[in-house]
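Notes for the one structure printed next.
One-based numbering, in listed order, for ligands and for the atoms of each.
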Amino acid sequence: FEPITVGIAIGAASALTGYLSYKDLYCRFAECCRSERPLNASALKQDLEEKLFGQHLATEVILKALTGFKNNKNPKKPLTLSLHGWAGTGKNFVSQIVAENLHPKGLKSNFVHLFVSTLHFPHEQHIKLYQDQLQRWIRGNVSACAGSVFIFDEMDKLHPGVIDAIKPFLDYYEQIDGVSYRKAIFIFLSNAGGDLITKTALDFWRAGRKREDIQLKDLEAVLSVGVFNNKHSGLWHSGLIDRNLIDYFIPFLPLEYRHVKMCVQAEMKARGSAVDEDVVTRVAEEMTFFPKDEKIYSDKGCKTVQSRLDFY
Ligand SMILES: Nc1ncnc2c1ncn2[C@@H]1O[C@H](COP(=O)(O)OP(=O)(O)OP(=O)(O)O)[C@@H](O)[C@H]1O
């Protein structure tokens with residue numbers, strides 16, 4: 001080899017390693033978009049199994065959906081999950097777990113975006129404006145980070161039409177105006193279908209069958225039709241359902257007394273205090289349960305547990 005070529009090669013190599021270590025260094029201090037970073041499936045599994053109570057179906061489907069999607073080097077469309085269930089059953093909580101497993105800063109990450117219908121899209125007369133803003137926001141953010149996560153909370157309170165704006169992004173297009181949306185993740189949260197899910201859970205309970213025996217097929221069809229026909233689902237006639245743009249409908253079961261107790265215990269541990277079973281029972285007993293006769297399910301799930309615990 002002649003010295004000049006070797007010199008150039010060494011120069012190029014050191015520039016490259018210099019660049020790499022600079023990038024690594026940079027990413028230690030600032031947040032970097034790592035869309036290609038593989039998902040740590042066992043960490044996600046452990047998080048879901050340890051932290052999310054009473055939701056065997058959601059745990060199973062979310063794990064399957066995310067590992068499948070992240071393992072696929074060439075997804076044909078973005079991943080779209082639609083989470084349904086009664087209040088306080090863990091939909092926001094799970095979104096937070098998912099977000100943290102995709103981008104370590106979770107909901108605080110620059111690549112995770114949370115929209116709340118009543119906060120971000122309150123006025124019916126501004127639907128056009130919201131559609132424009134939403135499209136621009138999503139386009140800009142997916143251009144900056146292909147693996148961006150968008151969470152839409154309170155879908156049931158979203159004015160019909162707003163969600164139409166993002167329909168093209170959820171479809172099977174390779175690119176739209178030079179941007180590919182195929183690595184993005186969209187999560188919709190809604191109470192729509194909660195009554196149908198509760199009815200199924202109650203039927204199982206009344207038949208003396210175990211909650212854990214409820215399978216996805218017992219709920220998925222009911223849910224899809226129930227949500228589609230429900231004017232207040234946010235997805236009503238949006239075309240997202242009939243064009244099969246929602247990959248997974250994920251049911252959240254209503255929480256029982258024992259799950260509420262688990263939430264109280266978890267909250268006590270999170271606050272760094274010892275678990276006092278007496279307090280756990282008292283907080284759980286303060287919650288209200290339905291149906292009137294059987295009193296099986298907490299009507300606010302685990303939602304007010306944290307504030308109730310403040311009194312002890
Ligand atoms: N299944 C669960 N397992 C563990 N903790 C839970 C569960 N459900 C709710 N919680 C606790 O209760 C809090 C409130 O729940 P979350 O906000 O996730 O409810 P939600 O289903 O999104 O309700 P809503 O439909 O009213 O928005 C969570 O932050 C979490 O601490």
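- Remark: Arg271 engages Glu267 in a salt bridge, criterion side-chain N to carboxylate O under 4.0 Å.
- Residue-to-ligand polar distances place Gly90 within reach of ligand 1: an N/O pair is separated by less than 3.5 Å.
- Counting only heavy atoms of the protein, atom 17 (O) of ligand 1 lies nearest to Asn92 CB, 3.5 Å.
- The distance from ligand 1 to the heavy atoms of Leu52 drops below 4.0 Å at these ligand atoms: 1 (N), 2 (C), 3 (N).
- Here the shortest heavy-atom distance to atom 20 (P) of ligand 1, taken over Gly88, Gly194, Ser298, belongs to Gly88.
- Ring planes of His113 and Trp137: perpendicular class, angle over 60° (limits at 30 and 60°).
- Arg308 and Val283 get closest at one heavy-atom pair: CB-CG1, 4.1 Å.
- Every atom of ligand 1 with a heavy atom of Gln306 under 4.0 Å away is listed here by number and element: 31 (O).
- Taking only non-hydrogen atoms, the option from Phe252, Phe93, Phe53 nearest to atom 18 (O) of ligand 1 is Phe93.
- Within ligand 1, the atoms closer than 4.0 Å to a non-hydrogen atom of Lys51 are 3 (N), 4 (C), numbered from 1 in the order shown.
- Looking from atom 21 (O) of ligand 1 to the surrounding protein, the closest heavy atom is Lys91 NZ, 2.7 Å.
- Residue Asn191 approaches ligand 1 through these ligand atoms, each under 4.0 Å from one of its heavy atoms: 25 (O).
- Rounded to the nearest 0.5 Å, atoms CZ (Arg182) and CG (Leu170) are 13.0 Å apart.
- The shortest heavy-atom distance from Cys263 to ligand 1 is under 4.0 Å.
- In the vicinity of Lys303, heavy-atom distances shorter than 4.0 Å reach the ligand 1 atoms 23 (O), 24 (P), 26 (O), 27 (O).
- With a 4.0 Å cut-off on non-hydrogen atoms, Val94 does not touch ligand 1 at all.
- With a 4.5 Å cut-off on side-chain heavy atoms, Lys77 and Tyr181 do not count as touching.
- Note: Phe111 CZ to Glu31 CD = 4.5 Å, rounded to the nearest 0.5 Å.
- Using a 4.0 angstrom heavy-atom cutoff, Leu189 does not count as in contact with ligand 1.
- In this structure, the separation between CG on Leu81 and NZ on Lys91 is 14.0 Å, given to the nearest 0.5 Å.
- Leu52 and Gln55 get closest at one heavy-atom pair: CD2-CB, 3.7 Å.
- Put simply, CH2 on Trp86 and CG on Asp195 are 6.5 Å apart, with the number rounded to the nearest 0.5 Å.
- Atom 13 (C) of ligand 1 has as its closest protein heavy atom Cys302 O, 4.3 Å.
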